[in-house]
Amino acid sequence: MRFVLIGPPGAGKGTQAAVLSERLGVPHLSTGDLFRAHLADGTWLGRAARRYLDAGDLVPDELTDDMVRGRLAEPDARDGFLLDGYPRTVRQAGVLADLLAADGTGLTAVLEFAVPEEVVVDRLLGRGRPDDTEDVIRNRLEVYRRQTAPLLATYADLLVTVDADGSVAEIAERVQDAVTTAADPA
Ligand code: B4P
């Protein structure tokens with residue numbers, strides 16, 4: 001089971017990935033979490049990524065791709081993963097396709113979390129992470145529209161859209177249905 005989770009900031013990808021990871025027994029790989037762990041540990045990558053995270057801009061591909069390549073090579077990701085926050089550009093999608101092709105594997109499906117913008121702004125302002133100020137959230141939404149939303153067309157054949165407006169439990173059920181359909185389309 002190899003899934004990519006796509007959606008605007010605050011769509012609930014991280015929240016649902018935690019539930020799904022438990023259900024499917026595959027690791028949840030979040031590039032945002034990986035960058036924040038590097039920040040907390042004070043690594044050179046964390047120092048290099050900080051200004052992009054603070055501004056809500058994408059971290060440059062050369063830093064992001066290497067980090068993902070390394071994480072996907074770890075043994076726990078060999079038989080499946082939930083990739084949350086990567087790819088975020090059409091170019092990153094090409095890198096991921098090459099990585100998987102080199103392993104003779106591919107994606108099972110791409111789960112799109114669809115939710116109105118006003119809902120995500122309220123959720124993120126309520127969370128209060130350092131990059132959850134209104135200006136930075138607006139920039140992250142703009143970055144999503146400009147750089148990440150085009151991936152929905154790239155992945156048209158693999159895309160399963162989940163209505164991500166509702167309670168965490170309701171959305172978890174919709175995600176479960178989507179995964180069941182994707183894994184066994186017949
Ligand atoms: P991320 O950590 O991926 O941040 P995000 O897009 O804002 O998603 P997040 O995980 O926060 O939202 P979620 O929907 O889970 O990225 C942060 C930064 O890292 C980026 O801005 C960028 O700088 C960098 N980065 C990451 N990946 C990159 C890449 N591939 N290339 C370059 N740069 C990259 O949840 C949000 C909140 O909503 C939570 O508080 C949750 O409790 C709440 N919530 C969830 N579901 C809810 C529900 N149903 N009802 C109410 N609240 C809910």
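Counting from 1, the numbers follow the sequence of the chain as shown.
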Query raised in the report: Sub-3.5 Å donor-acceptor pair from the side chain of Thr108 to the main-chain atoms of Arg2, do we have one?
Result: yes

Query raised in the report: What is the distance from atom CG of Leu24 to atom CE of Met1, rounded to the nearest 0.5 Å?
Result: 5.5 Å

Report task. Could you check if a side-chain atom of Tyr144 sits within less than 4.5 angstrom of a side-chain atom of Ile6, using non-hydrogen atoms only? Result -> yes

Query raised in the report: Is a side-chain N or O of Lys13 found less than 3.5 angstrom from the main chain of Leu83, in a donor-acceptor match?
Result: no

Report task. Would you check if Ile171 and Thr15 make a side-chain contact, meaning some heavy-atom pair closer than 4.5 Å? Result -> no

Report task. Measure across Val115 and Pro8 and return the closest heavy-atom pair with its distance rounded to 0.1 Å. Result -> CG1-CG, 4.0 Å

Query - Salt bridge flag under 4.0 Å for residues Asp54 and Arg51 - result: no

Report summary line: In short, Val168 meets Gln16 closest at the heavy-atom pair O-NE2, 3.1 Å

Query raised in the report: What's the spacing between Tyr86 OH and Leu34 CG if we round to 0.5 Å?
Result: 12.0 Å

Query raised in the report: Taking 4.0 angstrom as the limit, do Asp165 and Arg174 come out as a salt bridge?
Result: no

Query raised in the report: So does Asp157 have more than 12 non-hydrogen atoms from other groups sitting under 6.0 Å from CG?
Result: no

Requested in this report: Grab the two heavy atoms, one from Pro27 and one from Arg71, that are nearest each other, plus how far apart they are.
Outcome: CB-NH2, 4.2 Å

Report task. Please determine if Asp131 and Arg50 form a salt bridge, counting it only when a charged side-chain N lies under 4.0 Å from a carboxylate O. Result -> no

Query raised in the report: Is Arg88 reaching over with its side chain to a backbone N or O of Gly85, donor-acceptor style, under 3.5 angstrom?
Result: yes

Requested in this report: Look at atom CZ of Arg145 and say whether more than 12 heavy atoms of other residues, nucleotides or ligands are closer to it than 6.0 Å.
Outcome: yes

Requested in this report: Grab the two heavy atoms, one from Leu82 and one from Ser21, that are nearest each other, plus how far apart they are.
Outcome: CD1-N, 3.5 Å

Query raised in the report: Should the pair Arg138-Glu134 be classified as a salt bridge under the 4.0 Å nitrogen-to-oxygen rule?
Result: yes

Report task. Would you mind reporting whether Leu20 and Leu111 have side-chain heavy atoms less than 4.5 Å apart? Result -> yes

**Report entry** Spatial distance of atom CG (Asp103) from atom CG (Asp98) [nearest 0.5 Å]
**Finding:** 11.5 Å

Query raised in the report: If Ile, Leu, Val, Met, Phe, Trp and Tyr residues are connected whenever their side-chain heavy atoms lie under 4.5 Å apart, and connections chain through other members, are Leu58 and Leu152 in the same group?
Result: no

Query raised in the report: Are Val110 and Leu99 linked, directly or through other ILVMFWY residues, by side chains that come within less than 4.5 angstrom of each other?
Result: yes

Query - SB check Arg91 Glu62 (cutoff 4.0 Å) - result: no

Query - Point-to-point distance, once rounded to the nearest 0.5 Å, from CG of Asp33 to NE2 of His38 - result: 11.5 Å

Query raised in the report: How close do Leu151 and Ala93 get, heavy atom to heavy atom, and via which atoms?
Result: CD2-CB, 3.6 Å

Requested in this report: Kindly work out whether a path of hydrophobic side-chain contacts (I/L/V/M/F/W/Y, heavy atoms less than 4.5 Å apart) joins Val26 to Leu100.
Outcome: no

Requested in this report: Taking all heavy atoms of Leu63 and all of Ala48, pick out the closest pair and write down the distance.
Outcome: CD1-CB, 4.0 Å

Query raised in the report: What do the steps show when you test Leu39 against Leu53 for side-chain contact (heavy atoms from CB on, under 4.5 Å), and what is the final call?
Result: CA-CA 10 Å; Leu39 259 182; Leu53 271 79; 4.2 Å; yes

Query raised in the report: Just by distance, do the side chain of Thr148 and the backbone of Thr89 share a donor-acceptor pair under 3.5 Å?
Result: no

**Report entry** Check: Val4 and Leu96 side chains under 4.5 Å, non-hydrogen atoms
**Finding:** yes

Query raised in the report: With distance as the sole criterion, is a donor-acceptor pair present between the side chains of Glu112 and Thr161 under 3.5 Å?
Result: yes

Query raised in the report: Do Val19 and Val175 have side-chain heavy atoms sitting under 4.5 Å apart?
Result: no

Query raised in the report: Hey, are the side chains of Val143 and Arg140 touching, using non-hydrogen atoms and a 4.5 Å cut-off?
Result: no

Query raised in the report: Do the non-hydrogen side-chain atoms of Phe113 and Asp84 ever get within less than 4.5 Å of each other?
Result: no

Requested in this report: Nearest 0.5 Å please: distance from the OG1 atom of Thr31 over to the CD atom of Gln92.
Outcome: 7.5 Å

Query - Val59 and Met67, any side-chain heavy atoms less than 4.5 Å apart - result: no

Query raised in the report: Are Tyr155 and Leu72 in one and the same hydrophobic cluster, where Ile, Leu, Val, Met, Phe, Trp and Tyr link if side-chain heavy atoms are under 4.5 Å apart?
Result: yes

**Report entry** Distance (rounded to the nearest 0.5 Å) between Leu158 CG and Leu107 CG
**Finding:** 6.0 Å

